[in-house]
Amino acid sequence: MPASRRHLLFPTPEEIKNDQAKAYSDHLPILSTVPLGDGKEPLVTVSLNTLGPSAASGLHDQRAWEDDKGTRIRYKAMAQGLAKAIEIHGVDIIALQECATDLMTTLLQEALGHDWQIMEDDSVGMMTCYHSKRFNLINTELVKANRVRSLTLEDTMNDSMFVDFHNIWGLYNPFSHDMEAQFHKFLQQKKNTGAIVSVMIGDTNSRIAPLHRRVINVTTGVVPLVFNDENGALPGVQIPDYPDGGFYMDASNTIFQLETQPLDYVTGKIVEDNRTKEEMGDYWSEYRMVMCLDSRYQRSCAVDNKTIFEYEDYLKDQTGDQQIIVRFAANCVNEKAVAIRFAVRGNLINYLHKELHQVPGFQFRNVQSTSSQDAGQLFSCVFCPLDKVRLLHQAVLIFQTKEIIKSKGFSFDKQDHDAKIVPLLVDRLNEFTNVEDICDLFKRIGIGYKNNAGSDPDFAKLRHRKHFSLFGEKYRETNDTFKIAQAGIARAKAILAMNDYACSDAENVAYEYVFSCDIHRNKARGTQELNDFHHVMELNS
């Protein structure tokens, strides 16, 4: 296969011009297996966006690219391929999107046979098919506004348990949070239908990437070529995408992302694209937000020992920007990043761009929302590779610290400003978990390095120790053992940074403040702070 293909199954536009018969769809058929519980027969599904007749296509550079005869030939080949997939993989349910139902229904019924029930939704271009020897239809509903066909099915192979199945052709949005909420809403309907397991699958028009971090080709679609100009691509260049897949909610109401495998349109066989990035050539490195609905995202730390959702709340609290979204992102070869969306091109995103835009791997883009709630709003976004999230958080901490100091009216040009600024730093320093970040903070805000009293760096260090010590003494007088411990650990971190990681000196300071906590009958608090400090030293060893 040509190395320039976005997926082994996707012909290039040049190939299509030479041989129109190679065109099937600009989405791949995807196979998924849904576990229904211990000892239960799993549910096997195939989803495929069939590409509507003469619709904007990732294979053609114009809209009017086929007639009815061409559509019928394409659809017949795909219908027969689906029948072969049923035979090979034991498929139970087929979900089709962007489908001309008047052309496909007869072709599909002929290919599948009369043991299959076919549900047509011509008004939204969707078809949902289930094997009637396994399932009895209990209830069904079309939610036209969301382009979702929902079925409650009785599974005769599994003691007549109820299963909910939702076929979706999502409305496009580059930000994944709206689609996550929509999926969550539909999956939860099983609580009302009596279903044990609920499944939702289709062309989400959002993005889905595997949870693992292996570098593999995750492309399941190609963006219509007519949108190349607005997407910043040259004419004829295929932009890969990964919107196809789904999720299921099990008996414990836990949500899992489905694993998917691409199928050949004609043979129904699994075709994995195992080419390396180098073999793929120009593989398109752009990061995009992905759906983070799987329950494991609620437990997986991303930045500063926080999950993406905890870090989102942290940034909202720090900035007051309630439109911030933090999600994982991926490119078409599953290289992962953390993505942050800001409401406006404000001070923080400007600072992040200034500090990080030249760091390899970071991507900064303005992205327009297509959600009706956002009214076409443009958002400023940063995409940070996972191996560089410490740099991202470091920049956030330093920016916020400088903003706090500025808000108090302090000028970095005044003599002896250190003594006034140090108290402001204590709470901030306790957020830092890396001594290098503290050193960087001192350099950037001028403490200990912009030495107005002289050029002797040792003098600056000694003066700094004094300021932190005096601040600790201030809290010692108030008997506030929590603040005493905080001030002590912050002082110890500062000494650790300024003394080029002299751990013994810093640890002595930490123990001193644990002792002060003991005096005030709060040894447990001090011990916890000391344990946290030891963790910091371990991180830096």
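For clarity, every value in this text was computed on a predicted model and none was experimentally measured.
- Taking each heavy atom of Ala77 and Tyr24 in turn, the nearest pair found is CB-CE2, 3.7 Å.
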**Study point:** Derivation of the side chain to side chain contact (heavy atoms under 4.5 Å, CB included) call for Ile340 and Ile324
**Key:** CA-CA 7 Å; Ile340 305 177; Ile324 283 177; 4.2 Å; yes

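- Using a distance-only test at 3.5 Å, with no hydrogens or angles considered, no donor-acceptor pair links the side chain of Glu15 to the main chain of Lys22.
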Exercise for review: Kindly indicate, with the supporting measurements, whether the criterion side chain to side chain contact (heavy atoms under 4.5 Å, CB included) is fulfilled by Trp65 and Leu59.
Suggested key: CA-CA 10 Å; Trp65 47 268; Leu59 307 176; over 6 Å; no

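- Atom CD of Gln358 has 12 or fewer neighbouring heavy atoms from other residues, nucleotides or ligands inside a 6.0 Å radius.
- A donor-acceptor pair under 3.5 Å is absent between the side-chain atoms of Asn158 and the main chain of Met161, judged by distance alone.
- Atom OH of Tyr297 and atom CD1 of Ile308 lie 7.0 Å apart (nearest 0.5 Å).
- The 12-atom threshold is not exceeded at CG of Asp229, counting heavy atoms of other residues, nucleotides or ligands nearer than 6.0 Å.
- With hydrogens and angles left out, the side-chain atoms of Ser150 and Glu141 include no donor and acceptor closer than 3.5 Å.
- Using a 4.5 Å heavy-atom threshold, the side chains of Pro11 and Arg5 count as touching.
- Put simply, the side chain of Glu272 reaches to within 4.5 Å of the side chain of Pro262, judged on heavy atoms.
- Within the 4.5 Å cutoff, side-chain heavy atoms of Leu352 are placed close to those of Leu348.
- The aromatic rings of Tyr311 and His393 lie perpendicular to each other, with more than 60° between the two planes, well past the 30° mark.
- Judged by distance alone, with hydrogens and angles left aside, the side-chain atoms of Asn49 form a donor-acceptor pair with the main-chain N or O of Leu51 at under 3.5 Å.
- Note: Glu335 CD to Ser285 OG = 8.0 Å, rounded to the nearest 0.5 Å.
- Taken from CG in Asp61 to CD1 in Ile16, the straight-line distance is 11.0 Å, to the nearest 0.5 Å.
- Within 6.0 Å of the NZ atom in Lys269, the count of heavy atoms belonging to other residues, nucleotides or ligands does not exceed 12.
- Under the 4.0 Å criterion applied to side-chain N and carboxylate O atoms, Asp294 and Arg296 are assigned as salt-bridge partners.
- Distance alone, capped at 3.5 Å, is enough to place a donor-acceptor pair between the Thr319 side chain and the Leu315 backbone.
- Ring centroids of His166 and Phe183 are separated by 6.0 Å or more, keeping the two rings apart.
- Taking 4.5 Å as the limit, every side-chain heavy atom of Val215 sits out of range of all side-chain heavy atoms of Asn334.
- Heavy-atom neighbours of Gln322 CD from other residues, nucleotides or ligands within 6.0 Å: above the threshold of 12.
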Practice item. Show the numbers, then the answer: is there a side chain to side chain donor-acceptor pair (under 3.5 Å) between Tyr265 and Ser25? Key: CA-CA 9 Å; Tyr265 297 101; Ser25 175; 4.8 Å; no

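- For the residue pair Ser369 and Ser371, no side-chain donor N or O sits within less than 3.5 Å of a side-chain acceptor on the partner.
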Exercise for review: Might you work through the salt bridge (charged side-chain N to carboxylate O under 4.0 Å, His left out) test for Asp241 and Arg288, ending with a clear yes or no?
Suggested key: CA-CA 9 Å; Asp241 209 355; Arg288 296 128 176 191; 3.6 Å; yes

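- In this structure, Phe165 has its ring center no closer than 6.0 Å to that of Phe135.
- Between Val382 and Leu356 the shortest side-chain heavy-atom distance does not fall below 4.5 Å.
- The side-chain tip of Arg327 does not point at the ring of Phe175 from less than 6.0 angstrom away and within 45° of straight on.
- In this structure, the side chain of Gln257 engages the main chain of Ala209 through a donor-acceptor pair within 3.5 Å.
- Asp122 and Thr101 share a side-chain donor-acceptor pair at under 3.5 Å.
- Looking at heavy atoms from C-beta onward, Ile196 lies out of side-chain contact with Lys190 at the 4.5 angstrom threshold.
- For Asp121 and Lys144, the salt-bridge test fails: no basic side-chain N is under 4.0 Å from an acidic carboxylate O.
- Nearest heavy-atom pair across Gln323 and Ala343 is OE1-CB, 3.3 Å.
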Point to revise | Steps toward side chain to side chain contact (heavy atoms under 4.5 Å, CB included) verdict (Met289, Val367) | key: CA-CA 11 Å; Met289 279 191 181; Val367 181; over 6 Å; no

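- Shown here is Glu87, whose CD atom has no more than 12 heavy atoms of other residues, nucleotides or ligands within 6.0 Å.
- Between Lys76 and the choices Leu103, Leu107, Thr106, the side chain to side chain contact (heavy atoms under 4.5 Å, CB included) rule is met once, by Leu107.
- Not one N or O on the side chain of Asp164 forms a donor-acceptor pair closer than 3.5 Å with the backbone of Ser198.
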Check your understanding: Going through the checks in order, is the salt bridge (charged side-chain N to carboxylate O under 4.0 Å, His left out) test met by Lys133 and Asp115?
Key -> CA-CA 6 Å; Lys133 283 194 172 181; Asp115 289 337; 3.7 Å; yes

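- In this structure, CE on Met291 lies 12.0 Å from NE2 on His177, to the nearest 0.5 angstrom.
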Exercise for review: Starting from the C-alpha separation in whole Å, work towards a yes-or-no answer on side chain to side chain contact (heavy atoms under 4.5 Å, CB included) for Leu153 and Arg134.
Suggested key: CA-CA 9 Å; Leu153 300 167; Arg134 175 169 180 175; over 6 Å; no

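- Scanning both residues, Val226 and Ala56, for their nearest heavy atoms gives CG2-CB, 3.8 Å.
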Review point. So Glu312 and Lys306, salt bridge (charged side-chain N to carboxylate O under 4.0 Å, His left out) or not? Walk me through it.
Key: CA-CA 9 Å; Glu312 179 180 301; Lys306 297 179 178 67; over 6 Å; no

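- At least one donor-acceptor pair closer than 3.5 Å links the side chain of Tyr242 to the backbone N or O of Ala330.
- Side chains of Pro53 and Tyr75 form a contact here, defined as non-hydrogen atoms less than 4.5 Å apart.
- Under the 3.5 Å distance criterion, with hydrogens and angles disregarded, a donor-acceptor pair is assigned to the side chains of Ser47 and Gln97.
- Annotation: the span from Asn136 atom CG to Tyr130 atom OH amounts to 7.5 Å, rounded to 0.5 Å.
- In this structure, Leu48 and Leu28 approach most closely via the heavy-atom pair CD1-C, 3.8 Å.
- Aromatic rings from Phe364 and His357 are positioned such that their centres are separated by 6.0 Å or more.
- In terms of modelled atom types and a separation under 3.5 Å, the side chain of His89 and the main chain of Gly268 share a donor-acceptor contact.
- Heavy atoms from other residues, nucleotides or ligands lying under 6.0 Å from NE2 of His212 number more than 12.
- In this model, no donor atom of one side chain and acceptor atom of the other lie less than 3.5 Å apart for Ser176 and Arg207.
- Between His7 and Thr220 the shortest side-chain heavy-atom distance does not fall below 4.5 Å.
- Taking CG from Asn253 and OG from Ser295, the interatomic distance works out to 11.5 Å, rounded to the nearest 0.5 Å.
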